[in-house]
Amino acid sequence: MLPFRTRRLIATAAALAGAFPLATAGTAPAAAAAGGVMAQTLNCSGSIRVNITNTGSVDGKGTLRCATPTTLYDGQLTLSGSATVSGLVYQTRTADQLSIFAGSSGEIIDLSVNRTLKKLADAPTGNATESGSGLVVGGGPFGGSTETESGTGTFGTTTATGTTTFLITDNYVLDLHA
């Protein structure tokens, strides 16, 4: 059974579009195996922006295109959490929400993610890498899945505020594995 928040989102989207929810229309991201665990993966690509303040607060957003073997989705990633910094390496722990939508139906997937963001230069701006792994929190069709991600991009630090922003725009991928 889908979490209440997910069922509410699907029902609202369907009501606005005049369509049936994804789960009842038979186009859910493949048939779930026993116990609600997916027998396949969800693959996403796109870009993310991660802001890390001088106090260690983390927030960010991403725009993604996601797919299972049967369905394409538009995706939005929202993250928040905390970071520790050691030299050029930023270790973050975030609670993420991945929202995926196909037409008038959608799903919100809660993730717990550990990320490593690395500056490739000891300078105010430069190139960066990102990698991470985590778990899907809660149930739903992707419940119990593991999450992996990686990409490259750039970083910049605002001297006045001490905020470092990572723009991971090259080869960013996020995968959920059952």
Side-chain angles (χ1 to χ4, degrees), residues 2-6 8-9 13 29 38 41-68 73-101 106-178:
L2 297 173
F4 173 76
R5 180 176 65 190
T6 303
R8 185 180 68 220
L9 172 68
M38 294 299 292
T41 62
L42 175 71
N43 305 109
C44 302
S45 64
S47 63
I48 62 170
R49 175 188 189 106
V50 181
N51 303 306
I52 303 172
T53 68
N54 60 358
T55 62
S57 295
V58 177
D59 68 63
K61 293 207 177 284
T63 302
L64 308 171
R65 287 289 291 159
C66 301
T68 66
Y73 299 96
D74 290 317
Q76 294 291 319
L77 183 68
T78 303
L79 56 103
S80 65
S82 61
T84 58
V85 181
S86 177
L88 303 178
V89 178
Y90 292 67
Q91 298 285 342
T92 70
R93 294 186 68 107
T94 60
D96 299 1
Q97 283 194 332
L98 174 59
S99 303
I100 57 173
F101 298 93
E107 185 81 33
I108 295 176
I109 303 164
D110 292 320
L111 305 167
S112 175
V113 180
N114 295 319
R115 277 186 189 83
T116 300
L117 296 138
K118 294 180 183 175
K119 294 179 175 181
L120 299 181
D122 190 9
T125 62
N127 292 325
T129 63
E130 185 270 354
S131 62
S133 63
L135 296 170
V136 173
V137 179
F142 295 99
S145 295
T146 59
E147 183 266 1
T148 57
E149 62 182 72
S150 64
T152 59
T154 59
F155 75 90
T157 302
T158 305
T159 307
T161 63
T163 298
T164 299
T165 299
F166 289 88
L167 299 174
I168 306 301
T169 57
D170 300 323
N171 303 313
Y172 178 76
V173 293
L174 181 152
D175 297 320
L176 301 183
H177 310 274

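One-based numbering along the sequence shown. These values consider heavy atoms only, across backbone and side chains, with no hydrogens, waters or symmetry-generated copies.
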To the nearest 0.5 angstrom, please state how far the [atom1] atom of [X] sits from the [atom2] atom of [Y].
X: I109; Y: L42; atom1: CD1; atom2: CG; result: 5.5 Å
X: S133; Y: N114; atom1: OG; atom2: CG; result: 6.0 Å
X: N51; Y: S80; atom1: CG; atom2: OG; result: 12.0 Å
X: I48; Y: L167; atom1: CD1; atom2: CG; result: 9.5 Å
X: T78; Y: L98; atom1: OG1; atom2: CG; result: 9.0 Å
X: L77; Y: S47; atom1: CG; atom2: OG; result: 10.0 Å

Can you confirm whether [X] sits close enough to [Y] that some side-chain heavy atom of one is under 4.5 Å from a side-chain heavy atom of the other?
X: K61; Y: V50; result: no
X: V113; Y: R93; result: no
X: V173; Y: S150; result: yes
X: L176; Y: T41; result: no
X: E130; Y: T152; result: no
X: Q97; Y: I108; result: yes

- [ ] Give a yes or no answer on whether the side chain of T158 reaches the backbone of G162 with a donor-acceptor pair at less than 3.5 Å.
- [x]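 No; zero donor-acceptor contacts below 3.5 Å.
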
- [ ] Determine yes or no for a side-chain-to-main-chain donor-acceptor pair under 3.5 angstrom, with T161 supplying the side chain and T163 the backbone.
- [x]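 Yes.
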
Task: E147: which of L135, V136, L174 passes side chain to side chain contact (heavy atoms under 4.5 Å, CB included) - done: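 Among the candidates, only L174 passes.
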
So which atom in [X] and which in [Y] form the shortest heavy-atom distance, rounded to 0.1 Å?
X: C44; Y: L64; result: CB-CD1, 4.1 Å
X: T68; Y: F142; result: CG2-CZ, 4.3 Å
X: C66; Y: I100; result: SG-CG2, 4.0 Å
X: V137; Y: L111; result: CG2-C, 4.1 Å
X: A178; Y: S145; result: CA-OG, 3.7 Å
X: A83; Y: T92; result: CB-CG2, 3.7 Å

- [ ] Assess whether side-chain contact (heavy atoms from CB on, under 4.5 Å) is satisfied between L117 and Q91, documenting all intermediate values.
- [x] CA-CA 7 Å; L117 296 138; Q91 298 285 342; over 6 Å; no

Open item on the list: Is it the case that atom CG in D59 sees more than 12 heavy atoms from other parts of the structure closer than 6.0 Å?
Closed with: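 For D59, atom CG is crowded (more than 12 foreign heavy atoms under 6.0 Å).
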
Open item on the list: For R65, I'd like to know if atom CZ has over 12 heavy atoms of other residues, nucleotides or ligands within 6.0 Å.
Closed with: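 Check passes, neighbour count above 12.
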
TODO: Could you pull out all residues at least two apart from E149 that satisfy side-chain hydrogen bond (donor to acceptor under 3.5 Å, both in side chains)?
DONE: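 Scan of E149 (side-chain hydrogen bond (donor to acceptor under 3.5 Å, both in side chains), adjacent residues dropped) gives R115, Y172.
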
- [ ] Could you please spell out the steps behind the side chain to side chain donor-acceptor pair (under 3.5 Å) verdict for T157 and T164?
- [x] CA-CA 4 Å; T157 302; T164 299; 3.1 Å; yes

Task: By ring-ring contact (aromatic ring centres under 6.0 Å, His included) - contacts of Y90 (at least two apart) - done: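 Y90 satisfies ring-ring contact (aromatic ring centres under 6.0 Å, His included) with F166 once adjacent residues are dropped.
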
- [ ] Verify whether one side chain among T53 and T55 offers a donor that lies under 3.5 Å from an acceptor in the other.
- [x]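 Present: a donor and an acceptor within the cut-off.
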
